[in-house]
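Inspection log for the structure reproduced underneath, given as structure tokens.
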Amino acid sequence: MGRGTVVVGGGQAGVQVALELRRRGEREGITVVGEEPRAPYQRPPLSKEFLAGDYDVGRLAFRKPEYYAEAGIDLLTGERVIDTGNGVLVTDRGRELPYDRLALATGAAPRKLAVPGAGLGGVHHLRDLTDAFRLREELAWARHVVVVGGGFVGLEVAAAARAQGKEVTVVEAADRLLGRSVAPVVSEFYRQAHARRGTVVRLSASVTGFDGESGRMTGVLLGDGSRVPADLVLVGVGAVPRTDLAERLGLEVDGGIVVDACSRTSRPGVVAAGDCTVRPHPRTGDGRIRLESVPNALAQANAAAAALLGQEEADTSVPWFWSHQGDLTLQIAGLSTGYDQCVVRGTPDEERFSVLYYRQGELLAVDAVNRPADYMAVRRALTIGAHIPADGAADAEVPLKTLFCERTTV
């Protein structure tokens with residue numbers, strides 16, 4: 001018997017690597033080591049349902065605690081890998097973990113603001129359950145909430161806070177919300193939708209610092225010289241891949257741990273999956289992109305498990321994402337980067353519409369707001385290689401699935 005596999009990271013990707021190894025018949029030892037003191041759990045609800053205050057934390061667990069032992073998976077919680085040797089990892093508790101194969105699923109850390117006052121009490125980030133507990137506790141009594149960052153997590157927290165009757169201001173440095181992910185028409189829809197619900201949205205507004213008293217933040221200072229009063233701030237300005245361990249192992253790192261379509265790193269016998277990685281475009285194989293989503297973590301983890309067992313199964317699945325902002329559900333299928341045309345179906349003012357993205361006539365992606373059938377149709381089309389012509393997609397009364405056809409090349 002060999003020394004088995006060690007998985008570093010107890011999040012979605014890490015747990016999935018271990019489960020997939022067992023599903024594929026791996027009989028040698030599998031150890032999952034995670035820094036958090038609790039068993040692995042889901043993160044997406046932390047910025048949504050969990051903040052409502054009555055969410056049962058037990059619902060977050062991936063599996064019941066006894067499941068891992070029954071599956072022959074040694075789950076180590078509350079331990080951090082601090083050193084690497086020749087086929088041996090060492091944790092901060094002095095535990096040595098020898099391995100034949102290694103999977104890194106180290107995730108990402110919240111990006112911090114390097115401004116005065118960023119360390120004051122009341123300034124929050126949201127990445128794990130400890131963060132979520134602190135945020136929920138303070139949200140219960142806060143009156144003035146400021147969200148710095150108009151991305152998905154920021155807008156989800158803003159919606160949750162507004163639903164609890166808080167005065168909410170979203171401060172975004174760019175000139176539109178969700179600017180890296182969606183077309184301007186979708187950005188403007190979300191600005192108006194949040195405004196209709198009473199949230200103040202300030203665009204092109206940079207944060208220069210936080211002021212406070214007695215160690216606690218009381219306001220957000222902006223680049224135009226204005227000040228927004230606050231007794232709670234959520235900073236949601238992105239995440240930074242955690243690559244320290246990969247760098248100590250001598251792996252190629254470029255804005256994330258570099259992996260191929262099979263989740264293999266630059267070192268044989270070492271794979272990586274999830275938010276810590278950069279990977280080729282899943283549909284074209286071009287370039288390097290970083291996808292932060294549960295579906296991507298699962299797909300990469302499955303490919304990683306196969307690779308550890310010597311099976312080459314490249315992940316070419318269609319990326320998909322979702323965001324629940326109160327009663328607004330956004331579902332995305334595909335990657336819209338590089339689009340030159342978008343087609344709007346439905347009416348944004350009615351809060352039920354979708355946007356299809358095209359490049360040189362080729363269907364790339366869809367953003368569907370409260371139109372799940374459109375999302376499912378485009379995801380299906382991208383999966384099977386079907387096409388939906390742009391000239392027919394604008395009629396919201398015509399189901400997209402009836403427009404499937406083969407792509408005509410010139």
Side-chain angles (χ1 to χ4, degrees), residues 35-36 43 46-47 51 80 106-162 164 166-181 187 190-191 194-195 198-244 247 255-256 275-276 290 292:
E35 294 183 12
E36 293 193 59
R43 296 182 190 271
L46 299 183
S47 59
L51 295 182
R80 181 169 58 92
T106 48
R111 188 180 300 277
K112 304 295 180 66
L113 289 178
V115 298
L120 288 170
V123 178
H124 294 261
H125 301 83
L126 180 57
R127 193 67 184 179
D128 59 29
L129 191 51
T130 298
D131 296 334
F133 272 122
R134 291 172 181 159
L135 181 61
R136 187 170 74 173
E137 180 181 0
E138 293 196 10
L139 187 60
W141 57 261
R143 293 181 55 200
H144 304 281
V145 175
V146 173
V147 174
V148 180
F152 291 120
V153 170
L155 294 180
E156 289 165 0
V157 172
R162 188 71 194 111
Q164 296 181 40
K166 313 301 180 181
E167 294 184 13
V168 180
T169 301
V170 173
V171 176
E172 168 56 48
D175 60 359
R176 62 188 181 95
L177 301 174
L178 304 170
R180 293 184 300 172
S181 305
S187 295
Y190 272 101
R191 186 193 69 79
H194 281 274
T199 294
V200 175
V201 179
R202 299 188 62 168
L203 302 175
S204 302
S206 60
V207 173
T208 59
F210 303 95
D211 64 5
E213 55 186 44
S214 302
R216 185 168 183 88
M217 178 276 311
T218 56
V220 182
L221 307 177
L222 303 183
D224 62 1
S226 63
R227 176 183 182 275
V228 183
D231 43 31
L232 185 152
V233 168
L234 184 280
V235 177
V237 292
V240 180
R242 300 181 62 187
T243 60
D244 291 355
E247 292 167 5
D275 293 357
C276 61
R290 190 164 71 89
E292 294 181 67

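Basis for what follows: all heavy atoms, side chains included, without hydrogens, waters or symmetry-related copies.
For the pair Lys166 (side chain) and Ala158 (backbone), a donor-acceptor distance under 3.5 Å is absent. When atom types are taken as modelled, the side chain of Thr106 and the backbone of Arg242 share a donor-acceptor pair closer than 3.5 angstrom. A donor-acceptor pair under 3.5 Å is absent between the side-chain atoms of Asp175 and the main chain of Ser204, judged by distance alone. Put simply, the side chain of Arg290 gets close to the backbone of Asp275: a donor and an acceptor are under 3.5 Å apart. In this structure a side-chain-to-backbone donor-acceptor pair under 3.5 Å is present from Thr208 to Leu221.
Between His194 and Val170, the closest side-chain pair of non-hydrogen atoms is not below 4.5 Å. Contact check for Leu155 versus Val147: no side-chain heavy atoms found under the 4.5 Å cut-off. The side-chain heavy atoms of Leu113 and His125, taken from C-beta on, include no pair separated by under 4.5 Å.
In this structure, OH in Tyr190 is found 7.5 Å from CG in Leu178, a value given to the nearest 0.5 Å. Summarising the geometry, atom CG belonging to Leu120 is positioned 8.5 Å from atom CG belonging to Asp211; distances are rounded to the nearest 0.5 Å. Rounded to the nearest 0.5 angstrom, His124 NE2 and Met217 CE are separated by 7.5 Å.
Among all heavy-atom pairs drawn from Pro110 and Arg127, the shortest one is CG-CB, 3.5 Å. Here the closest non-hydrogen pair linking Ser226 and Arg202 is OG-NH2, 3.2 Å. Looking at every heavy atom in both residues, Ser47 comes nearest to Val153 through CB-CG1, 4.2 Å. In terms of heavy-atom proximity, Glu292 sits nearest to Ala239 at OE1-CB, 3.6 Å. The two residues Pro241 and Gly255 have their closest heavy-atom pair at CG-O, 3.5 Å. The nearest pair of heavy atoms linking Ala142 to Asp231 is CB-OD1, 3.4 Å.
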- request: Tell me, with the steps shown, if Leu234 and Val148 meet side chain to side chain contact (heavy atoms under 4.5 Å, CB included).
  value: CA-CA 6 Å; Leu234 184 280; Val148 180; over 6 Å; no
field: Check against salt bridge (Lys or Arg N to Asp or Glu O under 4.0 Å), Arg80 and Asp244
entry: CA-CA 12 Å; Arg80 181 169 58 92; Asp244 291 355; over 6 Å; no
task: Show your working on side chain to side chain contact (heavy atoms under 4.5 Å, CB included) between Asp131 and Leu46 and close with a plain yes or no.
output: CA-CA 9 Å; Asp131 296 334; Leu46 299 183; over 6 Å; no
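By the side chain to side chain donor-acceptor pair (under 3.5 Å) test, Glu172 pairs with no residue at all, sequence neighbours left out.
Heavy-atom contacts from other residues, nucleotides or ligands closer than 6.0 Å to CD of Gln164 number more than 12. The number of heavy atoms from other shown groups lying within 6.0 Å of CZ (Arg216) is above 12.
Residue Arg43 forms a side chain to side chain contact (heavy atoms under 4.5 Å, CB included) with just one option from Asp128, Leu126, Leu129, and that option is Asp128. Across Leu51, Val145, Leu139, a single residue satisfies side chain to side chain contact (heavy atoms under 4.5 Å, CB included) together with Val157, and that is Leu51.
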